[in-house]
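Following: one structure in structure tokens, then a few remarks.
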Amino acid sequence: MASQVITITSGKGGVGKTTATANLGIALAQRGRRVVCLDADIGLRNLDVVMGLENRIVYDLVDVIEQRAHLRQALIQDKRLPELFLLPAAQTREKTAINETQMRALCAQLKTEFDFILVDSPAGIEHGFKNALAPADQVLVVVTPEVSSVRDADRIIGLVEATEKPAPQLILNRMQPTLIKRGEMLDIADVLEILAIELIGIVPEDETIITSANRGQPAVLLDHSAAGAAFIRIARRLLGEQVPFGALEEPSLLARLANFFRR
């Protein structure tokens, strides 16, 4: 399989793009692929925190672009998985510090060393989004089953399609069967009918996501995380495996008690 740049984006913030980037990066690295997670959200970086690598940053993406550091100096290797790296965003610069041409050149360089470059895109449709989209070979759109998220995602999908890139694929995040049954949340069929793109993964609501993000330990590293298992299935699909979609079920009482005592 040729090296791929996969941009992970959404129409609005807070839907789980950064969480998806970190978890997919780890899941792919666990399967022997060399992966770099690239934080393209300049000025608002969070990927380093979710991955538990915030204390090891010396140089960042803009330092590399402006030639204050070599790429190898800025890449942070994850000690848990030697195949996984982070290229952090600059925290004190404007999004205009990088342009689309520079992002394409940087990702072309990364392709010579990595199997997957996962780009964590800023939310919205402004300059940062255009930079994140420019080098993409594949685009994953993260959506939660809310009207505002779906509406904004529809706009993003239209912009991706206008660039003549391959059709984006959908990650449906934070699905809650109980709310769907009560008619208080859009169901899978509703979202697919509106967005009309291929579904690559369904991730259930999972309280371990919050605790794992706060600890810098993404959910795929946890044995009993339903969300982590869902991200692993998505990673396997990215590798070309035919993986059935997991049943979206309300957690049982025993599972809830197990989570309580683990905490």
Side-chain angles (χ1 to χ4, degrees), residues 2-18 20-22 24-25 34-51 53-54 56-76 84-142 152-169:
S3 297
Q4 293 185 60
V5 178
I6 301 177
T7 295
I8 300 168
T9 188
S10 69
K12 67 189 293 286
V15 300
K17 287 184 293 68
T18 299
T21 303
L24 291 176
R34 281 180 59 81
V35 182
V36 57
C37 295
L38 191 163
D39 192 342
D41 197 356
I42 297 171
L44 293 171
R45 74 181 182 209
N46 285 304
L47 185 56
D48 55 311
V49 175
V50 175
M51 295 179 69
L53 300 174
E54 69 275 16
R56 296 177 54 197
I57 296 174
V58 178
Y59 298 107
D60 57 47
L61 172 62
V62 177
D63 290 323
V64 175
I65 294 294
E66 296 182 347
Q67 299 184 343
R68 287 190 298 276
H70 295 296
L71 180 58
R72 288 185 178 277
Q73 291 176 296
L75 287 170
I76 301 170
L84 180 65
F85 291 77
L86 166 70
L87 182 55
Q91 196 166 21
T92 58
R93 299 293 298 273
E94 298 295 326
K95 296 185 187 298
T96 53
I98 295 178
N99 61 44
E100 295 175 41
T101 300
Q102 290 168 325
M103 277 292 289
R104 288 192 192 96
L106 175 64
C107 287
Q109 185 178 356
L110 289 168
K111 275 186 166 184
T112 64
E113 298 189 38
F114 293 95
D115 301 308
F116 288 94
I117 300 95
L118 304 185
V119 181
D120 184 16
S121 168
I125 58 174
E126 304 304 327
H127 185 87
F129 163 72
K130 294 176 182 177
N131 283 343
L133 182 60
D137 300 309
Q138 186 173 356
V139 178
L140 304 182
V141 180
V142 182
D152 290 349
D154 191 41
R155 172 68 170 146
I156 288 290
I157 291 165
L159 292 173
V160 173
E161 291 174 342
T163 65
E164 299 184 355
K165 292 186 179 295
Q169 294 176 295

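Taking CG from Asn99 and CZ from Arg104, the interatomic distance works out to 9.0 Å, rounded to the nearest 0.5 Å. For the atom pair Leu110 CG and Phe85 CZ, the distance stands at 11.0 Å (nearest 0.5 Å). Taking CG of Asn131 as the start and CG of Asp41 as the end, the distance is 11.0 Å to the nearest 0.5 Å. Atom-to-atom distance recorded for Ser121:OG and Leu140:CG is 11.5 Å, nearest 0.5 angstrom.
For Arg155, the CZ atom is loosely surrounded, since the number of other residues' heavy atoms within 6.0 Å does not exceed 12. Within 6.0 Å of the CD atom in Glu126, the count of heavy atoms belonging to other residues, nucleotides or ligands does not exceed 12. In the displayed structure, Lys130 atom NZ is contacted under 6.0 Å by at most 12 heavy atoms of other residues, nucleotides or ligands.
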Report the C-alpha distance between Leu47 and Leu86 in whole Å, list the side-chain angles of each, state the deciding distance to 0.1 Å, and finish with yes or no for side-chain contact (heavy atoms from CB on, under 4.5 Å). CA-CA 8 Å; Leu47 185 56; Leu86 166 70; 3.7 Å; yes
Leu87/Asp39 under side-chain contact (heavy atoms from CB on, under 4.5 Å): CA gap, chis, key distance, verdict: CA-CA 6 Å; Leu87 182 55; Asp39 192 342; over 6 Å; no
I'd like to know whether Asp60 forms a salt bridge (charged side-chain N to carboxylate O under 4.0 Å, His left out) with Arg68, so could you lay out the CA-CA distance, the side-chain angles of the two residues, the decisive distance to 0.1 Å, and finally the verdict. CA-CA 10 Å; Asp60 57 47; Arg68 287 190 298 276; 5.2 Å; no
Verify side-chain contact (heavy atoms from CB on, under 4.5 Å) between Ile42 and Arg45, making sure each step is shown before the conclusion. CA-CA 6 Å; Ile42 297 171; Arg45 74 181 182 209; over 6 Å; no
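Here the closest heavy-atom approach between residue Glu100 and residue Ala134 is recorded as CB-CB, 3.8 Å. Pairing each heavy atom of Ile156 with each of Gly11, the nearest pair is CG1-CA, 3.5 Å. Taking both residues in full, the closest heavy atoms of Leu61 and Leu106 are given as CD1-CD2, 3.0 Å, listed atom of the first, atom of the second, then distance. Closest approach of Ala40 to Ala132, counting heavy atoms only: CB-CB, 4.2 Å. The two residues Met103 and Pro135 make their nearest non-hydrogen contact at O-CB, 4.1 Å.
No donor-acceptor pair closer than 3.5 Å links the side chain of Asp120 to the backbone N or O of Thr21. Of the possible polar contacts, one joining the Lys165 side chain to the Ala136 backbone as a donor-acceptor pair under 3.5 Å is found. Between the side chain of Ser10 and the main chain of Lys17, no donor-acceptor pair closer than 3.5 Å is present. Counting only distance, with no hydrogens or angles, the side chain of Arg34 and the backbone of Glu113 share a donor-acceptor pair below 3.5 Å. In this structure a side-chain-to-backbone donor-acceptor pair under 3.5 Å is present from His127 to Ile98. The closest donor-acceptor contact from the side chain of Asp137 to the backbone of Ile6 lies at 3.5 Å or more, if one exists at all. The main-chain N or O of Gly158 is never found under 3.5 Å from a side-chain atom of Glu161 such that the two would form a donor-acceptor pair.
If you check the side chains of Asp115 and Ser3, you find no donor sitting under 3.5 Å from an acceptor.
Ion pair Arg93/Asp63 not flagged as a salt bridge, since none of the NZ, NE, NH1 or NH2 atoms sits closer than 4.0 Å to an Asp/Glu carboxylate oxygen.
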